[in-house]
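Quick notes on the structure that follows.
In this text the structure is predicted, and so the values were computed from the model without any measurement.
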Amino acid sequence: MNLETLPLQLRNAIVDLFPPALQWFVHHLLTITVILTVFGLFFAFTTIAERKLLARLQNRLGPNRAGLPWFPKLKLWGITQPFADAIKAITKEDIVPAAADKVLHFLAPVLIVAFSLLGFAVLPFGRNLIPVELDAALLYFFAAGAATELAIFMAGWGSRNKYSLLAAMRALAQLISYELPLILSVVPVVMVCGTLSTKAIAAAQGGWTFGLLPHWHVFTPWGFAAFIIFLIATLAESNRSPFDLPEAESELIAGHLTEYSGFKYALFFMAEYFGLTALSGLGVTLFLGGWQAPCEFLQFIPSYLWFMIKLVGMIVFFIWVRGTLLRLRIDQLTRLSWKFLVPLALLNLGNGAFWALTPDWTGPLVLARWAISAAIVVVPFVLLGRRLTAGQAPRSYRYA
Amino acid sequence: MRAVHDEFHGDLLEVSMGPQHPSTHGVFRMVVTLDGEQIVKLKPVFGYLHRNHEKIAESTSYLSSMPYTDRLDYLCSMSNNWAYALAVEKLGGLTVPDRAQYLRVIMAELTRLVNHSCLVGFLFNDLGTSFTPLLYAFREREKILDLFESLSGSRMMCNYQRFGGCRVDPPPAWLAAASALVDNFPRFLDEYETMLTGNEIMLARTQGIGPMGAAQAINAGITGPCLRATGVDYDLRKVDAYGFYPRFNFRVPLGAHGDTYDRYMMRILEMRESVKILQQAFRELPAGPIMDPKAKLRGFRPKVGEAYGRLEGPKGELGFYLISDGSTNPWRYRVRPPSLINLTLLEELCLGRTIADAVVILGSIDIVLGEVDR
Amino acid sequence: MIVPASPDPAKPDLSTPPVAENSLASALPPFSPSAILPRLLARFPAATIELVPNPGPAAEHSLLLDAAHAREIATFLRDDDMLRLDYCSNATGIDWPEKEIVDTVKKSVPDPAGGPDKVVEEKTKRIQPGYLETVYHLYSMARKHGPVILRLRTENRNDRIFLPSLTPVWKSCDFQEREIFDLYGIVFLGHPDLRRLLMWDGFKDHPMRRDYVAPDDFEWEPTPHGSVLDRAKGHYPKTEGLNS
Amino acid sequence: MLGSGILKGLAVTAKNFVGSYHNPARMVTQEYPDVQPQLPANYRNFPFLVTENATDPMGTMRCVACQICEKECPPQCIYIEKSKDKKPDANGKLQLYPAVFDIDTAVCMSCQLCVEVCPFDAIKMDHVFAIAATNRFSGLLLNREELAKPNTYFHEIRPDEAAEVDGRLAAERAAAEEKAKAAAAAKATAATATKPATGGAAAP
């Protein structure tokens, strides 16, 4: 029994039960079901993990009361909380404002979940696990991901609420600003690997130096820079703190979600996490070696588990950021993108090109390659950063 | 070249922020007219929490108003108590024993810690953190509230001061606990400042936002940390030298820009000074009675006359103006609410800025609606 | 710059008494109304300015200005270099309703019987007309002194209730004058935005006036005892229904 | 450098995250219904009426219906009706007692003024805080039977204050007895000295 190929064997066993004419259908249905189940559960436990982790960051306990029905003594540290939340969300009254555009108001949560799920189709979850093998997987991923902002705008417009409308405007501004650095940060990877296929990119990051240092993209200067830009853009694309402007609680009540309640609200919530998970999955694939193990001797752990561990790591990092940072203002948000991230990403593009052109530098030239590549990243970072924060510094004060 | 918005000239959007809004600190309401996200007009609307505290006080005895003062600025009941007691003592010519004077300073400075730590916490919530700084601040505040509870019986509605003294004498164990807490307080401040004061987003969101000029602030009657952020050296603890404040060594921090960041830093620096005052107070606290033996609890009838007692509350100058007609009830009882008057410049500060800034400016002014609406 | 020496309670010179006692004990502060009054009278000969004494222990006397010159005088007080009363701390209204005053005059009436003079008390009643008053507490942040207390009085409580607004002089009066307008009904002429502050726009009457009768027709919660209950019963005939 | 402030912030929250697992000083959460709060003795919430013993609460109530608390109560939540007859109190002196003593806890703001003004130590602040009720009148308007709690309960919640009050009352009682004895002795001497008149009725 090989753990690595176990999911495939299971799938094949089930598919073989059906007549050959139906097998392709069952095959895909099974894949979709597995993705929905695994990531549905992943979403459920991400919500509780987020609440628990945030609570711990804030020196609280977090939700710990939801147990099992009929066993009131059994608290289980509250891990059944998401199911209780789901029941609550389903049983809550669905309120549609009288003035709302009913069709858009209804379509928005449906579409946002649909769009945010599309990205999962091209993520290589394991050595042999990829739902759809597309040559232009990256293009497909970004096309599908960008559509979610459209749904947010639908929600904001359809609610007929001033706060929602403001949030919708912000969401669009944010989308336009951050789509660019997000894609630009990915291009060096494509250049270096020479492919748009996520499977090939993940495979390209295989191998270790001395069996310990993995050849992940994040451990190169251009890759590191691209990863940071990717992280920031991911935060912005998935509307998470510090870029949670569309649902800025302290300013716009709940932004585009103001007029949503019950299950529709839960759907938005779900879509947000799906989007975050998908983008994190892409980040793992592109920069953190995908399903590759970090050390040679750790290869006995199945590749799909490595993928999930890295994914969880990304999510935890996002939660940590959310627990620490404050929100940018909309003009600062766009300024950060256009005046900082986009130029850096463009320079990094050149950096990627340089790296792609110099794979045959050996001996002392390796050091030069690294130094040049690092300089291309660090110098503009410092200079642009200084310009971005000009005139802003902690002050000293006098006393009377 | 023409400005872009001339070509896309659209309608203005009027948004009623509040009275139910996460960032209006209660039931405050701002009617905001927006051009895009920019504020072109802002009108504050008050009165959702109005209960005519002054009228109630004019129809009850002097003593009965004391618990109501707790509910003005419900974060700072101890200071409110003291301000009212100060006015009544001035009206009735009462004296306060030394120990009670020290206790009052201790309570007022602990209240300042409570208020300022709440304020900086809420300010960061307005700035968009997910409650983390607020909860760190609340953790410290809870410890002080526990002290208040074990001394006065209530966490927030302390009802502790009396005319001519204080109600309960703290036992040595309480003083030791309070002293230990105060000694540990700077550690919290350090942690807090490491976490946020140097944060780039925080600097971008607060520096240069809502700057107030010194002359403008004086004319508008802005008091407290908001005034000192503009660089005006006016702290009633020094100017009026009420209570035993002249006996204490402390400095008054002054800002230079009068913007949101300065207002935030004034609170942080004042907390550090408060810690010094408290440490000195715990060192020097004398033994003795805590009530003026001449002061009567019931049936207090001051002579005909009037008095205006004011002190440096955490939010600014808190004043009580009392007119006595010789009966047991005040003829006129007036609260000078710093929260309300500090809002005078709100519109000026917010014009031309975005909604996000308006929320932060409001947060940095520090209002409590119990006091604004009274 | 901070003197580290902690104050020693034993040294009497360090123990400054609290302000309440201070103002009791000391004589008139340097910027007392009696010092300001002659200067004002010299500067504004047409104005009638009175000193209103405060008989209480606080002894903060105030200046009663006439409405016609109030704003000029206020501007002078704010800008005068000696006073620099740049900060108006508190502005408030007071209602003084019509009062019946009994003047007792003692007269000695010669005894017709030829004995010693009899002392007879003659009582005369007069009605002191009511008025509304505003009080401004001024301080100087530049000179760090104060308070100087200004008073303005309306002619009566019914129709002649106009006073000049001091908001153009001190912006801090903005909300406070709106509050006085709201709660006392004094109309401030020249106020930039005179609207109700605390009560809602459609509200009639002025709740802080002494003769204000609270209407118990709004969200009255029948409290279970006493006169309150009786009033509540008037509005809610079926109070018992609420009890069950 | 840009980002250093953010990294510092992340470090602080990470420290708090780790600290929340091993440093109880960081965690202030009380798991309320499972863990009941430790109320300080001075804690005050809603008044109760002290009775001398638990077996006959209505008969041994310290309250003499003087109505001072009713007058001083800022929100006017106390309602007292005096009794028509008198009952002997702990000192044996005949006193009025409250025929009706209601406190509307929906209005009461637990300010403790009633306790401070009471000259008879008859009303004290309680430690109850969970008083949720489904009916505003039958649940939150407490009558004198619901308000009466024995002195032993007072000792339980505030031992120091109760002991002090007991001492004071005992001293008063002793003084009263002393006085009564002295009066009796004086009367006896007076009676022996001058036989007629003045006796009888005045004796308690």
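Of residues 192-199 of chain C, those residues with a non-hydrogen atom less than 4.5 Å from any non-hydrogen atom of chain B are, in numerical order, C/Asp193, C/Arg195, C/Leu197, C/Leu198, C/Met199. Among the residues in residues 182-191 of chain C, those with a non-hydrogen atom closer than 4.5 angstrom to a non-hydrogen atom of chain B are C/Leu183, C/Tyr184.
For the atom pair CG of C/Asp174 and OG1 of B/Thr344, the computed distance is 6.0 Å after rounding to the nearest 0.5 Å. The distance from atom OH of C/Tyr139 to atom OH of B/Tyr308, rounded to the nearest 0.5 Å, is 5.5 Å. Atom CD1 of B/Ile341 and atom CD of C/Gln176 lie 3.5 Å apart (nearest 0.5 Å).
For the pair B/Thr223/C/Tyr87, a side-chain contact is recorded, criterion being any heavy-atom separation below 4.5 Å from C-beta on. Using a 4.5 Å cut-off on side-chain heavy atoms (C-beta onward), B/Arg334 and C/His137 make no contact. Between B/Lys55 and C/Arg209 the shortest side-chain heavy-atom distance does not fall below 4.5 Å. You'll find the side chain of C/Ile149 reaches within 4.5 Å of the side chain of B/Glu306, heavy atoms only. Counting heavy atoms from C-beta outward, B/Gln216 and C/Lys171 have side chains that stay 4.5 Å or more apart.
Interface remark: B/Asn342 contributes no atoms to any contact with chain C (heavy atom separation under 4.5 Å). Residue contact with chain C, scored on non-hydrogen atoms closer than 4.5 Å, involves the backbone and the side chain of B/Leu343 alike. The part of C/Asn54 that comes within reach of chain B is its side chain, from C-beta onward, which places non-hydrogen atoms under 4.5 angstrom from that chain. For B/Val372, the part lying near chain C is the backbone, with the side chain staying farther off; criterion is any non-hydrogen pair under 4.5 Å. For C/Ala142, no part lies under 4.5 angstrom from a heavy atom of chain B. Residue C/Val135 touches chain B through its side chain alone, counting heavy-atom pairs closer than 4.5 Å. In this structure, the portion of B/Val232 lying under 4.5 Å from any heavy atom of chain C is its side chain and not its backbone. For B/Ile218, the parts lying near chain C are the backbone and the side chain together; criterion is any non-hydrogen pair under 4.5 Å. Heavy-atom distances place the side chain of B/Lys43, and not its backbone, under 4.5 Å from chain C.
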Derivation and outcome, side chain to side chain contact (heavy atoms under 4.5 Å, CB included), residues C/Glu179 and B/Glu54: CA-CA 12 Å; C/Glu179 188 183 318; B/Glu54 294 175 8; 3.9 Å; yes
Between C/Thr92 and B/Tyr333, is a side chain to side chain contact (heavy atoms under 4.5 Å, CB included) present by the stated rule, with each step listed? CA-CA 10 Å; C/Thr92 188; B/Tyr333 169 103; over 6 Å; no
Could you go through B/Arg336 and C/Ser89, starting from their C-alpha distance and side-chain angles, then the distance that decides it, and tell me whether this counts as side chain to side chain donor-acceptor pair (under 3.5 Å)? CA-CA 8 Å; B/Arg336 185 231 185 250; C/Ser89 162; 3.2 Å; yes
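Heavy atoms from other residues, nucleotides or ligands lying under 6.0 Å from NZ of C/Lys144 number more than 12. Residue-environment remark: CD (C/Glu50) stays at or below the threshold of 12 foreign heavy atoms within 6.0 Å.
Across B/Tyr245, B/Trp331, B/Tyr48, the residue that shares the most heavy-atom pairs under 4.5 angstrom with chain C is B/Trp331. Your options are C/Pro207, C/Pro53, C/Pro147, and the one with the most heavy-atom pairs under 4.5 Å with chain B is C/Pro207.
B/Arg332 contributes a side-chain N or O that, together with a main-chain N or O of C/Gly93, makes up a donor-acceptor pair within less than 3.5 Å. With B/Asn219 contributing its side chain and C/Asp86 its backbone, the two residues share no donor-acceptor pair below 3.5 Å.
Qualifying salt bridge (charged side-chain N to carboxylate O under 4.0 Å, His left out) partners for C/Asp95, counting only residues two or more places apart in sequence or in other chains: C/Arg157. When the ring pair (Phe, Tyr, Trp, His ring centres under 6.0 Å) test is applied to B/Phe163, the partners found at least two apart in sequence or on another chain are B/Tyr84, B/Phe300.
In this structure, the ring of C/Phe175 has its center less than 6.0 angstrom from the ring center of B/Phe46.
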